[in-house]
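First comes the structure, then the notes that go with it.
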2 protein chains.
Amino acid sequence: MRTVVATCSVDYTGRLDAHLPLATRLLMVKADGSVLVHSDGGSYKPLNWMSPPCKVAVSAPDADAGAAGVTQVWTVQSTKGDDRLVISIHEVLHDATFDLGVDPGLVKDGVEAHLQELLAEQIDLLGPGHRLVRREFPTAIGPVDIMARDAGGASVAVEIKRRGDIDGVEQLTRYLELLNRDPLLAPVRGVFAAQEIKPQARVLATDRGIRCVVLDYNAMRGLDDPGTRLF
Amino acid sequence: MRTVVATCSVDYTGRLDAHLPLATRLLMVKADGSVLVHSDGGSYKPLNWMSPPCKVAVSAPDADAGAAGVTQVWTVQSTKGDDRLVISIHEVLHDATFDLGVDPGLVKDGVEAHLQELLAEQIDLLGPGHRLVRREFPTAIGPVDIMARDAGGASVAVEIKRRGDIDGVEQLTRYLELLNRDPLLAPVRGVFAAQEIKPQARVLATDRGIRCVVLDYNAMRGLDDPGTRLF
DNA sequence: GATTACATTTCGTGA
DNA sequence: TCACGAAGTGTAATC
């Protein structure tokens, strides 16, 4: 890992063209050759970057660039595609290299898979008398998140999202269309379950006879393991 | 902008829970208080981070942590939500602070808006005799990228994407459904135009009578300004 | 401010 | 390897 703080201008050409005017920025060169150009704000996303695999070549500026104050030019070329990042460095304020070693990696918990798991356990959140058929119910166009039957024994297909967007309703609609062709299952009702459901998604779902259920992740997690709530 | 290289372990709690075991990493603290934890590989995405607005508090470790080798603890708390990042630092290998100033920002070219602009200018790419009606043609469910009429005067609705995915076909389908209810416009045909069209999207589009057109951005740009092609 | 659509999305997972 | 779906998505434009 090499970190360089320098005044520089940056040009990217590849999937699009982008240009960064002269300013002071932090350049990161990772062990795999990837390069990140960060400013002192914004988000975790760099202003410009090059993903691995790629190669950095340092060269002297041409006459014009040198006259304009450029002292060195980094050309970061993707070894897969045509993407190229050209960093024209004027002044270097800091330059250090460190051996970080390989990172042991991240442990995550709490995403959509967990919501699905919890809803499968607490299937009566869909209404009294519901029974779980199975999670990841396979169909020709992909697995339905949860398949259940209601108190009356009718099939219920559930699509789970963290953020309930219009796309999720479209996805569930495709499943329902397919499932309702199966005489063993039909009629299949749809339930759109999410931590948060966008207004447009709710309108579209309702219009298509799909029920919307808002999931309270913390409450569900609390029911699942009351210990985690008592602190 | 402060950069710190240190051996540390990291815990995030918020929208999910995540833990990073002890290892040497680069910590970035930006002027707005946001914090990024980078390893020496992966992508431009940090292993962990905290988006602004947030506050960093440095404290001494408790007895247990101290005995385990922790020398200082950074608690990064989101000032908006409940998200929290706790960085337990063992050894600091490097610590430097720089004044980068405000970045003048990025200039981009070549995104969907530009594709739309170019296709509007070169509307005959849809076929001889096509005429542009207007860009961003308004409908109740959002604007259609381009509305045109073919040589016979029939309406053509065009959805433009950089990458033609199944979602884009669904979107265009919704527009067509709506537009075809308008007797002044109907019948409206659909054209799905993208730099790259995924096989499944093409199948779905074709099945629905939507024509697929692959756009060559470089060729279109070249036509728009021949100067840029002559080098 | 809320909502929507885009992104050099990146990143995982399963076929 | 490819394709699809999720993301602690972020971000800009639009309402």
Side-chain angles (χ1 to χ4, degrees), chain A residues 10-18 34 36-37 42-52 54 76 78 80-85 105-106 108-116 136 138 140-143 145 159-163 165-168 170-171 174 194-203 217, chain B residues 12-18 34 37 42-52 54 76 78 80-85 105-106 108-116 136 138 141-143 145 159-168 171 195-203 217:
Chain A
V10 184
D11 284 279
Y12 165 76
T13 43
R15 276 166 280 192
L16 57 69
D17 295 301
S34 57
L36 284 65
V37 181
S43 64
Y44 65 70
K45 194 176 178 176
L47 293 166
N48 271 127
W49 71 93
M50 183 61 68
S51 305
C54 62
V76 189
S78 168
K80 267 285 162 65
D82 292 329
D83 300 54
R84 181 190 297 182
L85 196 65
L106 187 65
K108 278 189 187 179
D109 168 40
V111 278
E112 191 196 300
H114 199 196
L115 268 181
Q116 188 191 110
E136 301 288 346
I141 56 172
D145 287 341
E159 176 66 33
I160 300 173
K161 294 281 180 214
R162 211 180 59 71
R163 271 176 16 183
D165 226 324
I166 215 161
D167 289 356
E170 296 286 11
Q171 194 179 340
R174 288 197 295 275
Q195 280 188 274
E196 175 200 358
I197 296 181
K198 292 291 171 68
Q200 282 208 1
R202 185 181 289 274
V203 169
Y217 179 66
Chain B
Y12 165 76
T13 44
R15 275 164 278 194
L16 57 69
D17 297 301
S34 57
V37 181
S43 63
Y44 70 66
K45 195 174 179 178
L47 293 166
N48 272 126
W49 71 95
M50 182 61 69
S51 305
C54 62
V76 190
S78 169
K80 267 286 162 67
D82 293 328
D83 299 55
R84 181 191 296 182
L85 197 65
L106 187 65
K108 282 186 186 181
D109 170 40
V111 279
E112 190 197 300
H114 198 199
L115 269 181
Q116 187 189 113
E136 302 287 347
I141 55 172
D145 288 341
E159 174 66 32
I160 300 173
K161 294 280 177 215
R162 211 178 58 72
R163 270 176 15 185
D165 226 325
I166 214 164
D167 288 357
Q171 192 179 341
Q195 281 187 271
E196 174 201 358
I197 295 181
K198 292 291 172 69
Q200 284 208 0
R202 184 181 291 274
V203 169
Y217 177 67

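Hydrogens, waters and symmetry mates play no part in the numbers below; they use all other heavy atoms, side chains included. Predicted, not measured: the structure shown is a model, and the values here were computed from it. Naming convention: chains lettered A, B, ... in sequence-line order (proteins, then strands); numbering from 1 in each chain.
Residue-to-nucleotide contacts include a donor-acceptor pair under 3.5 Å from the side chain of B:Asn48 to the base of D:dG8.
Positionally, the nearest nucleotide of DNA chain D for B:Asp165 lies more toward the 5' end than for the other of A:Ser43 and B:Asp165. If A:Ala201 and A:Leu47 are placed on DNA chain C by their nearest nucleotide, the residue sitting closer to the 5' end is A:Ala201.
For the pair A:Asp167 CG and D:dC4 C1', the interatomic distance rounds to 12 Å; values are reported in whole Å. Atom CD of A:Gln195 is separated from atom P of D:dA6 by 14 Å (rounded to the nearest Å). Summarising the geometry, the separation between CG on A:Asp145 and P on C:dG14 is reported as 13 Å, rounded to the nearest angstrom. Taking atom CG of residue A:Leu115 and atom P of nucleotide D:dG8, one finds them 13 Å apart after rounding to whole Å. Across the protein-nucleic acid pair, B:Lys161 atom NZ and C:dA7 atom P stand 8 Å apart, rounded to whole Å. Computed from coordinates, the A:His114 NE2 to D:dA6 P distance equals 17 Å when rounded to whole Å. Taking atom CG of residue A:Leu106 and atom C1' of nucleotide D:dT9, one finds them 14 Å apart after rounding to whole Å. One atom, CZ of A:Arg163, and another, C1' of C:dT3, lie 10 Å apart when rounded to the nearest Å.
The closest side-chain heavy-atom distance from A:Glu136 to A:Gln116 is below 4.5 Å.
The side chain of A:Tyr12 sits closest to C:dT8 out of C:dC6, C:dT10, C:dT8. Picking from C:dC6, D:dG8, C:dT4 the nucleotide with the shortest atom distance to the side chain of A:Lys198 gives C:dT4. In this structure, of C:dT4, D:dG8, C:dT8, it is C:dT8 that holds the atom nearest to the side chain of A:Arg15. Closest to the side chain of A:Asp83, out of C:dT8, C:dT4, C:dC6, is C:dT8. Among the nucleotides D:dG5, D:dG8, C:dT8, the one closest to any side-chain atom of A:Leu16 is C:dT8. Residue A:Pro199 places its side chain closer to C:dT3 than to any other of C:dT3, D:dG8, D:dA6. For B:Trp49, taking side-chain heavy atoms from C-beta onward, the closest of the listed nucleotides C:dT10, D:dG10, C:dA7 is D:dG10. Checking D:dA6, D:dG8, C:dT8 against every side-chain atom of A:Arg162, the shortest atom distance belongs to D:dG8.
Aromatic stacking is not marked for A:Tyr44 over D:dG10, as the cut-offs of 5.5 Å for the centres and 30° for the planes do not both hold.
Taking only side-chain nitrogens and oxygens, B:Ser51 comes nearer than 4.0 Å to OP1 or OP2 of D:dG10. Put simply, A:Gln200 has no side-chain N or O that comes within less than 4.0 Å of OP1 or OP2 on C:dT3. Within the structure, every side-chain polar atom (N or O) of B:Lys108 is placed at least 4.0 Å from both OP1 and OP2 of C:dA7.
Listed for the B:Asn48 side chain is no donor-acceptor partner under 3.5 Å among the backbone atoms of B:Val37.
Looking at heavy-atom distances under 4.0 Å, B:Met50 makes contact with a base.
Once rounded to the nearest 0.5 Å, the distance linking CE of B:Met50 with CG of B:Asp83 reads 5.0 Å. With rounding to the nearest 0.5 angstrom, the CZ atom of B:Arg202 is 13.5 Å from the CD1 atom of B:Ile166.
Donor-acceptor pairing under 3.5 Å is lacking for the side chains of B:Gln195 and B:Lys161.
No more than 12 heavy atoms of other residues, nucleotides or ligands sit less than 6.0 Å from atom CZ of B:Arg84.
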